Amino acid sequence: MIFLCTDQNGVSYVFLFLHRHSNSLISLSFPHSFCLFAIGSTISWHKKVQKQEGQMIISLPESCLLTTDTVIRSYLGAYITKWKPPPSPLLALCTFLVSEKHAGDRSLWKPYLEILPKAYTCPVCLEPEVVNLLPKSLKAKAEEQRAHVQEFFASSRDFFSSLQPLFVEAVDSIFSYSALLWAWCTINTRAVYLRPRQRECLSAEPDTCALAPYLDLLNHSPSVQVKAAFNEETHSYEIRTTSRWRKHEEVFICYGPHDNQRLFLEYGFVSVHNPHACVYVSREILVKYLPSRDKQMDKKISILKDHGYIENLTFGWDGPSWRLLTALKLLCLEAEKFTCWKKVLLGEVISDTNEKTSLDIAQKICYYFMEETNAMLQKVSHMKDEKEALINQLTLVESLWTEELKVLRASAKTLHRLQTAFT
């Protein structure tokens, strides 16, 4: 449970977690002159003055963190220690989450477990027919992610079987695929980073994840900046703001400068008006509108690949990225100018013809994506009418395509302005 306490001046506050079956209190302290109101899934300031840059948002004691140390100190420790080969840190955390969730009221972590989502919206959790509606690059990553989790489950079943003495029910009914998927998503979407540790009873995989109760109330915004890290001196996980907050404003943190496909893949949501939003251009689409008779095309592609210009080519709010335009300029080099390819990679202008041709190709690619996006939005809309049970998943996919369409329209306007210089 969480208690809100105030000092004699009614200004500074402390939140306390009380474990039902424990005599100990875990305190969360916050700076003076403000309080943190937790309402639903948001946190807002209540202050006499605005929050200044560099000040602490929250300091979470190490005792509040759920780490592999927590797991090894628990009833699972003996089973983990004797299992060979040693289980991974991820498996240890997932096993603990599933076991504690199964314990229900008997779990000391019940207050935290109850605020976690019952289900997640990451692509790995979506129905296959919904995954098929994702952009190709995201769909491929989603399928890879699903295969990884399935392999993780298959390789962990023997370890789960070793835990049977701890349970009355059959372990197969407790540590099911859906239960492990829920635990995996909990860690993947919510874990904070800690300094790497190494334990003999765990595999050599990086042990850097910790779950931080209460931080779940801090939502993501791409427009804010924070500094988050574990403070070795105070033994607390601290978040400091580099943004200013006014009284009664919701407090946000930033998961990083991620585009919407990355946010969808890793966290299961889409950020509206995300400044980092972009649309990826695959190699297949990159050469779609280039002349097929170019005898130097294979060599050009090889150069781009060797110099790292074949991936992360994007359209953004400001138009085609520098990397995309650079790749197109090299691909559009005329035969007699091919020896200038190094100058292209250095950002030099080769000729007005090369500049105009690359912009024309970029515009064609942009229009192609706009047509594809509109078609996908229509397809999603029709499926929403036919598949009511999938309405939430489809709405999320729809929002991704909608945001990508906004980016493409902005890019199209930028390309139009750039092309006017050559008319």
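Count residues from 1 along the sequence. The structure displayed is predicted, hence computed values, not measured ones.
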Should we count CG of Asn132 as having more than 12 external heavy atoms under 6.0 Å? yes
Taking the side chain as every heavy atom from C-beta outward, state whether Glu266 and Cys122 have any pair of such atoms under 4.5 Å apart. no
Does the side chain of Ser203 come within less than 4.5 Å of Pro89's, by heavy atoms? yes
To the closest 0.5 Å, what do you measure between SG (Cys278) and CG (Asn260)? 8.5 Å
Does a donor on one side chain and an acceptor on the other come within less than 3.5 Å for Thr121 and Gln393? no
Exceeds 12 heavy-atom contacts within 6.0 angstrom, atom CD of Glu311: no
With a 4.0 Å cut-off on N to O distance, would you call Glu100 and Lys110 a salt bridge? no
Could you walk me through whether Ser99 and Ile174 pass the side-chain contact (heavy atoms from CB on, under 4.5 Å) test, one step at a time? CA-CA 8 Å; Ser99 179; Ile174 300 172; over 6 Å; no
How long is the gap from CG on Leu97 to CZ on Arg190, to the nearest 0.5 Å? 11.0 Å
Could you check if a side-chain atom of Phe315 sits within less than 4.5 angstrom of a side-chain atom of Tyr280, using non-hydrogen atoms only? no
Trp401: which of Leu134, Asn374, Leu377 passes side-chain contact (heavy atoms from CB on, under 4.5 Å): Leu377
Is His307 reaching over with its side chain to a backbone N or O of Ile303, donor-acceptor style, under 3.5 angstrom? yes
Taking the side chain from Thr81 and the backbone from Gly77, do they hold a donor-acceptor pair closer than 3.5 Å? yes
Is a side-chain donor or acceptor of Ser411 paired with a backbone partner of Gly316 at a separation under 3.5 angstrom? yes
What's the spacing between Leu138 CG and Glu404 CD if we round to 0.5 Å? 8.5 Å
Does Glu348 have more than 12 heavy atoms from other residues, nucleotides or ligands lying within 6.0 Å of its CD? yes
So which atom in Leu163 and which in Val171 form the shortest heavy-atom distance, rounded to 0.1 Å? C-CG1, 4.0 Å
If I compare all heavy atoms of Leu113 with all of Ser107, which pair ends up nearest, and what's the gap? CD1-OG, 3.9 Å
Does the Lys NZ or Arg CZ of Lys101 fall within the cation-pi geometry relative to Trp182 - under 6.0 Å from the ring centre and within 45° of the axis? yes
Quick check: do Val149 and Tyr177 have side-chain heavy atoms less than 4.5 Å from each other? yes
Go through Glu398 and Thr402 one step at a time and tell me if the side-chain hydrogen bond (donor to acceptor under 3.5 Å, both in side chains) criterion holds. CA-CA 6 Å; Glu398 184 179 51; Thr402 299; 5.7 Å; no
Stepwise salt bridge (charged side-chain N to carboxylate O under 4.0 Å, His left out) check, Glu127 with Lys387: CA-CA 11 Å; Glu127 293 298 320; Lys387 306 277 188 177; over 6 Å; no
Could you go step by step and tell me if Val130 and Val380 meet the side-chain contact (heavy atoms from CB on, under 4.5 Å) rule? CA-CA 9 Å; Val130 177; Val380 173; over 6 Å; no
Distance-only, no hydrogens or angles: does the Ser176 side chain make a donor-acceptor pair with backbone N or O of Ser173 under 3.5 Å? no
Show the nearest heavy-atom pair for residues Ile391 and Thr395, with the distance to one decimal. O-OG1, 2.7 Å
Would you call Pro128 and Val131 a side-chain contact if the rule is heavy atoms closer than 4.5 Å? no
Considering residues, nucleotides and ligands other than Glu284, do more than 12 of their heavy atoms fall under 6.0 Å from its CD? no
Is the ring centre of Tyr255 less than 6.0 Å from the ring centre of Tyr267? yes
Is it the case that Lys82 places NZ or CZ above or below the six-membered ring of Tyr79, under 6.0 angstrom from the centre and within 45 degrees of the axis? yes
Sub-4.5 Å side-chain heavy-atom contact between Leu66 and Phe96: yes
Hey, does Leu396 have a side-chain heavy atom less than 4.5 Å from the side chain of Asn392? no
Arg157 NZ/CZ over Phe175 ring centroid, <6.0 Å and within 45° of normal: no
Checking Asn219 against Val251 for the side-chain contact (heavy atoms from CB on, under 4.5 Å) test, could you report, in this order, the C-alpha distance in whole Å, the side-chain angles of both residues, the deciding distance, and whether it holds? CA-CA 8 Å; Asn219 289 326; Val251 179; over 6 Å; no
In terms of heavy-atom contacts, does CD of Gln198 have more than 12 from other residues, nucleotides or ligands at under 6.0 Å? yes
Which residue in the set Val344, Val287, Leu290, Leu330 passes side-chain contact (heavy atoms from CB on, under 4.5 Å) when paired with Lys300? Leu330
So, taking the atom named CG in Leu126 and the one named CG in Leu390, what distance separates them when rounded to the nearest 0.5 Å? 9.5 Å
Gln378 backbone acceptor or donor facing Ser381 side chain under 3.5 Å: no
Look at the side chain of Ser236 and the backbone N and O of Ser59, then say whether any donor-acceptor pair between them is shorter than 3.5 Å. no
Please evaluate residues Lys379 and Leu133 with respect to the criterion side-chain contact (heavy atoms from CB on, under 4.5 Å), reporting the C-alpha separation (whole Å), side-chain torsions for both, the decisive distance (0.1 Å), and the verdict. CA-CA 8 Å; Lys379 190 172 182 179; Leu133 298 173; 3.8 Å; yes
Is the distance between the ring centroids of His276 and Trp317 under 6.0 Å? no
Gap separating the NZ atom of Lys329 from the CG atom of Leu324, nearest 0.5 angstrom: 10.5 Å
Do the side-chain N and O atoms of Asn188 and Tyr120 include a donor-acceptor pair separated by under 3.5 angstrom? no
Intermediate values then yes/no, ring pair (Phe, Tyr, Trp, His ring centres under 6.0 Å), Phe230 and Tyr237: CA-CA 4 Å; Phe230 186 79; Tyr237 190 85; 7.2 Å; no
Does Glu232 come within less than 4.0 Å of Arg195, counting only side-chain N to carboxylate O? yes
Can you check whether His220 reaches Cys254 side chain to side chain, under 4.5 Å on heavy atoms? yes
Keeping Gln164 on the side-chain end and Glu169 on the backbone end, is there a donor-acceptor pair under 3.5 Å? yes
Of the non-hydrogen atoms in Leu313 and Leu286, which two are nearest, and what is the gap between them? CD1-CD2, 3.8 Å
Inspect the contact between Asp207 and Arg199 and indicate whether a charged nitrogen and a carboxylate oxygen are less than 4.0 angstrom apart. no
So which heavy atom on Ile365 is nearest to which on Tyr289, and how close? CG1-CD1, 3.9 Å
With the threshold set at 4.0 Å, does a side-chain nitrogen-carboxylate oxygen contact exist between Lys406 and Glu403? yes
Over all atoms of both residues, closest heavy-atom pair of Ile72 and Cys201: CD1-SG, 3.5 Å
If you count the non-hydrogen atoms of other residues, nucleotides and ligands that lie under 6.0 Å from NZ in Lys384, is the total more than 12? yes
In Å and rounded to the nearest 0.5 Å, what is the CD1 to CD1 distance from Ile239 to Ile253? 4.5 Å
